[in-house]
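Heads up: the structure comes next, in structure tokens.
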Amino acid sequence: MSQDRKRWKSFLLFMLYLAVLLRITVFRTGFGTFPLFQNGRIEASWFLGYRELLARGEWFSFTYLFAGNVIWFVPFGMYLCRKNWQRRKGGAVWPVVWRGFLFSLLIETMQYIFGTGCSDLDDLILNTCGVWLGAAWTSRRMRRTVYGKEQG
């Protein structure tokens, strides 16, 4: 398979991933454009929802939500880091993490505007951690592939 065809397939998979991610976070059942800004909620406390789940002994819900917020953003970091390697022959992790943070912020903002979820500070933190994990793993793997050993 040609390199261009692989890149095209990779791009299409990433677009599908983004569509699914937006579907489960913003464009949920009951999504509507009116009334804007009236049903959204902002939760700025540090992991309050997670602490409440633990206090009630709801381990499955805690694990599902906590791990899900991280895992769903790992592919974002992996894809963008790999793109950086293809463009520059070096995978800087922090620009990818910054883009992931901004994308997560966009999702949280849209959840507030459309009233389709609670905009949580901890979601922003966990999503960004997922991007970092994906980018760091991919950067390390690419470094080993390109240089044949670990650098730095």
Side-chain angles (χ1 to χ4, degrees), residues 6-31 37 39-147 149-152:
K6 284 182 182 178
R7 287 184 182 154
W8 181 247
K9 282 185 178 183
S10 176
F11 174 75
L12 287 178
L13 280 174
F14 185 67
M15 290 297 112
L16 178 63
Y17 154 77
L18 289 178
V20 170
L21 185 61
L22 289 171
R23 173 70 171 104
I24 66 170
T25 56
V26 178
F27 304 112
R28 302 173 178 177
T29 304
F31 171 78
F37 298 102
N39 297 319
R41 245 183 32 203
I42 297 176
E43 185 64 57
S45 62
W46 292 93
F47 299 94
L48 177 64
Y50 294 105
R51 291 186 309 220
E52 289 173 351
L53 288 172
L54 288 175
R56 291 192 307 259
E58 296 181 29
W59 291 96
F60 178 79
S61 295
F62 168 80
T63 304
Y64 177 78
L65 292 171
F66 191 91
N69 273 313
V70 174
I71 291 169
W72 268 103
F73 279 79
V74 169
F76 192 94
M78 292 171 72
Y79 179 82
L80 291 184
C81 188
R82 183 148 177 97
K83 284 293 165 198
N84 280 351
W85 271 94
Q86 290 171 345
R87 288 189 186 122
R88 294 183 266 216
K89 302 297 182 206
V93 171
W94 293 111
V96 173
V97 172
W98 176 243
R99 288 182 188 119
F101 171 81
L102 291 175
F103 184 65
S104 181
L105 183 62
L106 175 67
I107 287 174
E108 296 300 321
T109 303
M110 289 191 317
Q111 284 180 334
Y112 175 74
I113 291 170
F114 297 120
T116 56
C118 182
S119 299
D120 290 315
L121 178 61
D122 45 317
D123 285 355
L124 190 60
I125 293 166
L126 293 172
N127 296 164
T128 304
C129 287
V131 172
W132 177 81
L133 284 171
W137 183 81
T138 302
S139 180
R140 183 175 180 187
R141 187 171 157 249
M142 294 300 293
R143 219 175 303 133
R144 285 183 175 176
T145 302
V146 172
Y147 299 114
K149 62 180 181 178
E150 201 161 326
Q151 301 273 322

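Residues take their numbers from the sequence shown, with the count starting at 1. Values reported hereafter were calculated over all heavy atoms of this structure, with side chains retained and with hydrogens, waters and symmetry mates removed. Computed from a predicted model, the values in this text were never measured in an experiment.
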Provide the closest heavy-atom pair for [X] versus [Y] in the form atom of the first, atom of the second, distance.
X	Y	result
C118	D123	O-OD2, 4.2 Å
S139	V93	CB-CG2, 3.8 Å
I71	P75	O-CD, 3.4 Å
V96	A135	CG1-CB, 3.8 Å
S10	Y79	OG-CE1, 3.3 Å

For the [atom1] atom of [X] and the [atom2] atom of [Y], what is their distance to the nearest 0.5 Å?
X	Y	atom1	atom2	result
I125	F101	CD1	CZ	9.0 Å
L16	L12	CG	CG	9.0 Å
F62	R51	CZ	CZ	11.5 Å
I107	L102	CD1	CG	11.5 Å
K83	M78	NZ	CE	13.5 Å
T109	L124	OG1	CG	8.5 Å

Margin query: Walk me through whether N69 and Y50 qualify under side chain to side chain donor-acceptor pair (under 3.5 Å).
Written below: CA-CA 12 Å; N69 273 313; Y50 294 105; 2.7 Å; yes
Side-chain contact test, heavy atoms from C-beta onward, threshold under 4.5 Å: evaluate it for [X] versus [Y] and give yes or no.
X	Y	value
W72	Y17	yes
F103	F73	yes
V70	L133	yes
F114	V26	yes
F47	L126	yes
L53	W59	no

Sidechain-backbone polar pair: [X] side chain, [Y] backbone, donor-acceptor under 3.5 Å:
X	Y	value
R99	G77	no
E108	L121	no
R28	I24	yes
T25	L21	yes
S104	N127	no

Checklist line | Verdict with supporting geometry, F11 and F14, ring pair (Phe, Tyr, Trp, His ring centres under 6.0 Å) | finding: CA-CA 5 Å; F11 174 75; F14 185 67; 7.7 Å; no
Note to self: Would M110 and T116 count as a side chain to side chain contact (heavy atoms under 4.5 Å, CB included) here? Give the steps.
What the structure shows: CA-CA 8 Å; M110 289 191 317; T116 56; over 6 Å; no
Note to self: Go through it in stages, so that I can follow the logic: the residues are V74 and W137, the test is side chain to side chain contact (heavy atoms under 4.5 Å, CB included), and I'd like the CA-CA distance, side-chain angles, deciding distance and then a yes or no.
What the structure shows: CA-CA 9 Å; V74 169; W137 183 81; over 6 Å; no
Margin query: Does atom OH (Y64) have a neighbourhood of more than 12 heavy atoms from anything else shown, all under 6.0 Å?
Written below: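 12 or below, so no.
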Checklist line | F76 and V97: CA distance, side-chain angles, deciding distance, side chain to side chain contact (heavy atoms under 4.5 Å, CB included) verdict | finding: CA-CA 9 Å; F76 192 94; V97 172; over 6 Å; no
